[in-house]
Structure formats: C-alpha cells, structure tokens
Amino acid sequence: MSEQESVRGSSARNRGGVQRVEGKLRASVEKGDYYEAHQMYRTLFFRYMSQAKHAEARELMYSGALLFFSYNQQNSAADLSMLVLEVLEKSETKVEDEILEHLAKLFSRMDQNSPERVAFVSRALKWSTGGSGKLGHPKLHQLLAVTLWKEQNYSESRYHFLHSSDGEGCAQMLVEFSASRGFRSEVDMFVAQAVLQFLCLKNKNSASVVFSTYTEKHPSIEKGPPFVQPLLNFIWFLLLAVDGGKLTVFTVLCEQYQPSLKRDPMYNEYLDRIGQLFFGVPPKQSPSYGGLLGNLLNSLMGSGEDDDGAEEAQEDSSPIELD
C-alpha cells in the first residue's frame, strides 16, 4: 500500500470513529441528558487535542454546537463554538471559505443579546486576520454583515459591510435601512456617509459600487446623475475627483458644496482624511476635532497612518452608528 493510500485509509477510519461517537452523543442529547452530553463533548475535545487530531476535534465541536443549538441549549452550544475557535487557534489552521462559513453559521445561531456572541465574534475575527486585514477577513465580515442584516440590526451590519468588499450588499442593506428606519429627507445621507467611510478605508471600488447600487435601487431617488439632491451630486463628483487625483478639483468641490456638507459635522472630518489619502493634503499638525467626533473618526479609521491597502487600512474599532 502506498503512503497516500495509507493516509486516505487512516482518514476514513478517523471519520468513521467520529461518526460513531457523534451517534452516541446525539442519542444522549435527544434523551435530554444535556449536561452529560456536554461534558462528554469536552472530554473528547481534550482527548483529540492531546492526540493532535485537530480536524476531528473541530468537526465534532462544530456538529455538537449545532446539535445543542437545535435543542435551544445556548450555553452548551456557545461553549462548543468557542472550542471550535480554540482548535483553529492552536492548530494554526489556514483561513478557508468553508471554515468562515461555519463560523458565521455558529454566530447566526447564537442568542443575539448574549455576551458569548460578542466574545465569539471578536475572537473569530482575530483568528481570521491571517493576512487579510487587521480587523478580520473581509469574507467573514461580509458573512456577519448579512446575518445581522437579516436580524435587522442595521448599524452593526453596516459596520461589518464597511470592512468587507461587498459594496453591493452594503447598498441593498442601506436601502432597506433607509426605507424602514430613516426620514425621506435623509435618503442621501445614508449613502453619503457609507461612501465617505469606504474612502477613508482606501476602498475606492466598494465606495463606487455602494453609491451606484444605492442610487439605482432606492425608490425615493430619481434616476441620475445628475440628482435632485445636491449631496448625491457632491458624492458623484467626489468619486470622479478621487480617480483624477487633482487637488484643485477636490478643493473647489468641497467649497462649492459646503451647505450640503454642513448637514453632518462628520463630513468635513472624513473629507480631511480623504484629502490626505488621495490628494496629497498634509495631515493637520493639531487635529481640530476632539471629543466624540475625534473618537468616531479614530474608531473608524484607526489612529495610525498605516495605508497599506483597501482592506488592510483598518484598525481596532467598534460599530459606527449611522444616525
């Protein structure tokens, strides 16, 4: 037997062993012996880890967590979900789409208000930083954003969309957010803030996509450009100016649209940052903003000057409220 055949045979035997164990554990859960089953899962986890059977440990904890979720055993399910992350961390498992999807599924099944959910998502994002952004892998952010969108938790969904590469999904969520929670007079402000923040994260592509998709799909926005709302015209011109990179165009644009930009005090702060990133404007020696505004800016864009790429220009932060 070749070495490759031997490995395949060993893998099949391991999988068969996991399936037999799963069957026994499932029977315990179905009988309502939740505590006993939970302890058995934990015992097997440490046994597999001591034997370096990382894939088996992860698979068993994942299926066990889903089983406990199906019986509304939130605490046991959350504990096994954290053990899934422990395997990933200790085995230095590489980031793969299937694993990210599993993590997002566990997140979606957790109680929305539980502290375990907050701890889980923070740890999952930290693990997923294996080279694709300091705040977590864009794909994981996208999956989390979609889950939160389904839960109508728009502000946190929006935060995760900002750190993904899914401008189209972000726009569709914002259309729903605006239509269900916003004032008709503010339809332009929903997308303006998203575009400015995407640009602050050096994500030009998503900024353009979120703008074009939002203005096309929002029922209260007439077809453009040009648009009825001056703020939308400003954003349209700004995206063109970013592509051109001419400081004079950027400066005149900001001056001409000051009445619209005064609708939200954050706009000019974002534009200061955009001027630095795309038009060579030197940073201010002593920032004019402070307090809440300064904290919001720093939480979105980070306090450092690390501008190494669209998805990588991210620092530790918390969700930004849209309103």
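Heavy-atom basis, side chains included; hydrogens, waters and symmetry copies ignored.
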Asp79 side chain reached by Arg42 side chain, heavy atoms, under 4.5 Å: yes
Sequence neighbours excluded - side-chain hydrogen bond (donor to acceptor under 3.5 Å, both in side chains) pairs with any residue from residues 222-250: none
Pairs satisfying side-chain hydrogen bond (donor to acceptor under 3.5 Å, both in side chains), at least one member in residues 64-78, at least two apart: His38-Ser76
Arg181, CZ atom: more than 12 neighbouring heavy atoms under 6.0 Å: yes
Glu92 atom CD, neighbour heavy-atom count above 12 within 6.0 Å: no
Worked check of side-chain contact (heavy atoms from CB on, under 4.5 Å) between Gln258 and Phe234: CA-CA 10 Å; Gln258 271 306 304; Phe234 169 79; over 6 Å; no
Tyr159 vs Leu144 side-chain heavy atoms within contact, under 4.5 Å: no
Donor-acceptor side-chain pairing of Ser206 and Asn203 below 3.5 angstrom: yes
Non-hydrogen side-chain atoms of Thr215 and Ile235 separated by less than 4.5 Å: no
Heavy-atom side-chain proximity of Leu125 to His160 below 4.5 angstrom: yes
Any side-chain heavy-atom pair of Leu66 and Lys105 under 4.5 Å: yes
Leu238 vs Phe211, side-chain contact (heavy atoms from CB on, under 4.5 Å): CA-CA, chis, key distance, verdict: CA-CA 11 Å; Leu238 175 64; Phe211 180 72; over 6 Å; no
Validation row: Trp127, Leu100 side chains within 4.5 angstrom (heavy atoms): yes
Which residues share a side chain to side chain donor-acceptor pair (under 3.5 Å) with Tyr41, sequence neighbours left out: none
Any side-chain heavy-atom pair of Phe120 and Leu85 under 4.5 Å: yes
Mutual orientation of the aromatic rings belonging to Phe177 and Tyr154 [parallel < 30°, tilted 30-60°, perpendicular > 60°]: parallel
For Lys126, all residues meeting side chain to side chain donor-acceptor pair (under 3.5 Å), sequence neighbours excluded: none
Euclidean distance, Met61 CE relative to Leu88 CG, rounded to 0.5 Å: 12.5 Å
Short side-chain donor-acceptor distance under 3.5 Å, Ser178 and His218: yes
Phe190-Tyr214 aromatic ring centre distance below 6.0 Å: no
N-O pairing of Arg117 and Glu151 below 4.0 Å: yes
Which residues share a side chain to side chain donor-acceptor pair (under 3.5 Å) with Gln112, sequence neighbours left out: none
ILVMFWY network linking Val242 to Leu247, side-chain heavy atoms under 4.5 angstrom: yes
More than 12 heavy atoms from other groups under 6.0 Å of CZ on Arg263: yes
Glu89 atom CD, over 12 foreign heavy atoms within 6.0 Å: yes
All side chain to side chain contact (heavy atoms under 4.5 Å, CB included) counterparts of Glu36, not counting sequence neighbours: Asp33, Met40
Heavy-atom neighbours of Tyr35 OH exceed 12 at 6.0 Å: no
Side chains of Arg58 and Ile99 in contact at under 4.5 Å (non-hydrogen atoms): yes
Distance-only polar pair, side chains of Gln172 and Trp149, donor-acceptor under 3.5 Å: no
